[in-house]
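The block underneath contains the structure these notes are about, expressed in structure tokens.
Reminder, nothing fancy here: chain letters follow the sequence lines and each chain counts from 1.
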Number of protein chains: 2
Amino acid sequence: MDIELDRGSPVPLYFQVARQIEQAIERGELVPGSRLENEIELADRLGLSRPTMRRAIQELVSKGLLVRRRGIGTQVVHGQVKRRVELTSLHDDLTRGNQHPTTRVLEHETRPASDDIAVHLGVQPGAPVVRLVRIRYAQDEPLAILRNWLPASLASFTTAELEERGLYALLRSTGVHIRIASQRIGARTASGEEAHQLGIKRGAAVLTMERTAYGESGSAVEFGAHIYRSDNYSFEITLVERS
Amino acid sequence: MDIELDRGSPVPLYFQVARQIEQAIERGELVPGSRLENEIELADRLGLSRPTMRRAIQELVSKGLLVRRRGIGTQVVHGQVKRRVELTSLHDDLTRGNQHPTTRVLEHETRPASDDIAVHLGVQPGAPVVRLVRIRYAQDEPLAILRNWLPASLASFTTAELEERGLYALLRSTGVHIRIASQRIGARTASGEEAHQLGIKRGAAVLTMERTAYGESGSAVEFGAHIYRSDNYSFEITLVERS
DNA sequence: CAGTGGTCTAGACCACTGA
DNA sequence: CAGTGGTCTAGACCACTGG
């Protein structure tokens, strides 16, 4: 395995190393179960300090690609490399998967926060919030009903923009960056209206997801209560033991 | 905020610090939005090096409790502290929540691996695997149907032990430690038999979860295909932006 | 025993933020 | 500008694993 470093690049060294080891795994150069060189050798060979090399490896351990054991070494995990659910929006995910997402905006209006929404967003009840209801399509098939609430001060976009781009992308372009999200995933049967909007039968099972997203200062940016068709959507998650 | 360190303890210093900051947040001494001292001061005050102090803070950032910004500082995240879904078993979760889990074992037998299961476990088709079917109750209410497959060499427990303890606890006590798990969460409607076993109506929505768990050497330890009642179970997840 | 990763130190320089 | 976190170095000692 050869790794090339660009010390002039703004990309941190540990990240360059992690990325290239990850690619070696993806390309099959590092096969599942095989052992990496020990971190001291690797660090020496690349002209890095040991802490920097450790950090690169740690990146991949916490992604679930590598496993380390004291006294043994570092090994590549068996099993196909599944990508962890990152903190991304549905729109981004679909775009990346060439699913051609489109959006229809059903509601887009400012109203006073109900008690429930105020709690989720950490604002005063009655404070102005923007309520959005959208239907998201993938390859012209309805996939999800998206209901969102945001503090009105953050929702400086037009309905037309919402039809074009994802909510998170719009927030990013106005300087709002989402750092943490806490979600709850459940299931229930679809109501008649929901079934109609999603193009499924009344009583079909749907996935539900409630999410509160927090921005750079740790305050709530968005609360969402979404419904997904269960016949063409599921959530994938990778859990790694916190060492 | 005062933090006490025990340098004689086998518990790492960064962990002692992280735990005590976390407790200060839980107790409300550090309120949401408030800023921590900068890491250099904290390190000096506690007699630690800066990297060690950074690591303690980083623990809490990746748990979603703190947010850091260059040039600004470190702040406590708004919103109630929700515990992240850790890599634990359902049995452990229920025990921790005083839900008094009990288990009924419906099947417990060794058979050759089907092609499908062989792929999930990374073993040869036809290799001996143990198949388990259990119903998990919480406070005497059925909660989930648990179907699991394990390489036969790892399943050295009795049916009676399975009725008493969770699968992960049994594996731990035989020296098998789970490090990584990859799950997929979906929904569908319950079949007649499933509905009967779970005490719900036929056609009710259920949550489905498929999971492959990997052990210390990175090889598959267990594959599970579980069904949860959606009226009393949901999955909670906290996502943190990978910096 | 030799080899591995886990923890910790004491510094250094840089990039970004806000006043 | 001063203050913050982000990255990186060059060591040190320890704990655990296997033969």
Could you walk me through whether B:Val67 and B:Thr74 pass the side-chain contact (heavy atoms from CB on, under 4.5 Å) check?
CA-CA 6 Å; B:Val67 176; B:Thr74 305; over 6 Å; no
Gap between atoms [atom1] and [atom2], on [X] and [N] respectively (whole Å):
| X | N | atom1 | atom2 | answer |
| --- | --- | --- | --- | --- |
| B:Arg70 | D:dG5 | CZ | P | 11 Å |
| A:Met53 | C:dG6 | CE | P | 13 Å |
| B:Arg7 | D:dC14 | CZ | C1' | 14 Å |
| A:Ile40 | D:dG11 | CD1 | P | 12 Å |
| B:Arg55 | C:dT7 | CZ | P | 5 Å |
| A:Arg35 | D:dT17 | CZ | C1' | 11 Å |
| B:Leu48 | C:dG11 | CG | C1' | 16 Å |
| B:Asn38 | C:dA15 | CG | P | 20 Å |

Think [X] has a side-chain N or O under 4.0 angstrom from the OP1 or OP2 of [N]?
| X | N | value |
| --- | --- | --- |
| A:Tyr14 | D:dC8 | no |
| A:Thr52 | D:dT7 | no |
| A:Thr74 | C:dG5 | yes |

Worked verdict on B:His177 versus A:Glu241 for side-chain hydrogen bond (donor to acceptor under 3.5 Å, both in side chains):
CA-CA 10 Å; B:His177 198 89; A:Glu241 185 192 44; 2.6 Å; yes
Out of C:dG5, D:dT7, C:dG18, which nucleotide sits closest to the side chain of B:Ile72?
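Out of C:dG5, D:dT7, C:dG18, the nucleotide with an atom closest to B:Ile72's side chain is C:dG18.
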Test item: side-chain donor near acceptor, B:Thr95 and B:Asp92, under 3.5 Å:
no
Does the B:Gln20 side chain pair with the main chain of B:Glu4, one donor and one acceptor, at a distance under 3.5 Å?
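Looks like yes, one N/O pair under 3.5 Å.
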Residue whose closest nucleotide on DNA chain D lies nearer the 5' end, A:Gly47 versus A:Gly71
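Nearest-nucleotide comparison on DNA chain D picks A:Gly47.
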Is there a Watson-Crick or G-U wobble partner for D:dT17 with both distances under 3.5 Å, and if so, which one is it?
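Base partner found: C:dA2.
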G-U wobble or Watson-Crick pairing nucleotide for D:dT7 (cut-off 3.5 Å, both distances)
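When the pairing criteria are applied, C:dA12 turns out to be the nucleotide that pairs with D:dT7.
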At under 4.0 Å between heavy atoms, what does [X] touch on the DNA or RNA strands: base, sugar-phosphate, or nothing?
| X | answer |
| --- | --- |
| B:Leu13 | sugar-phosphate |
| B:Arg54 | base |
| A:Pro51 | base |
| A:Arg50 | base |

Please name the pair of heavy atoms, one in A:Gly224 and one in A:Asn148, separated by the smallest distance, quoted to 0.1 Å.
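What the structure gives for the nearest pair is CA-ND2, 3.8 Å.
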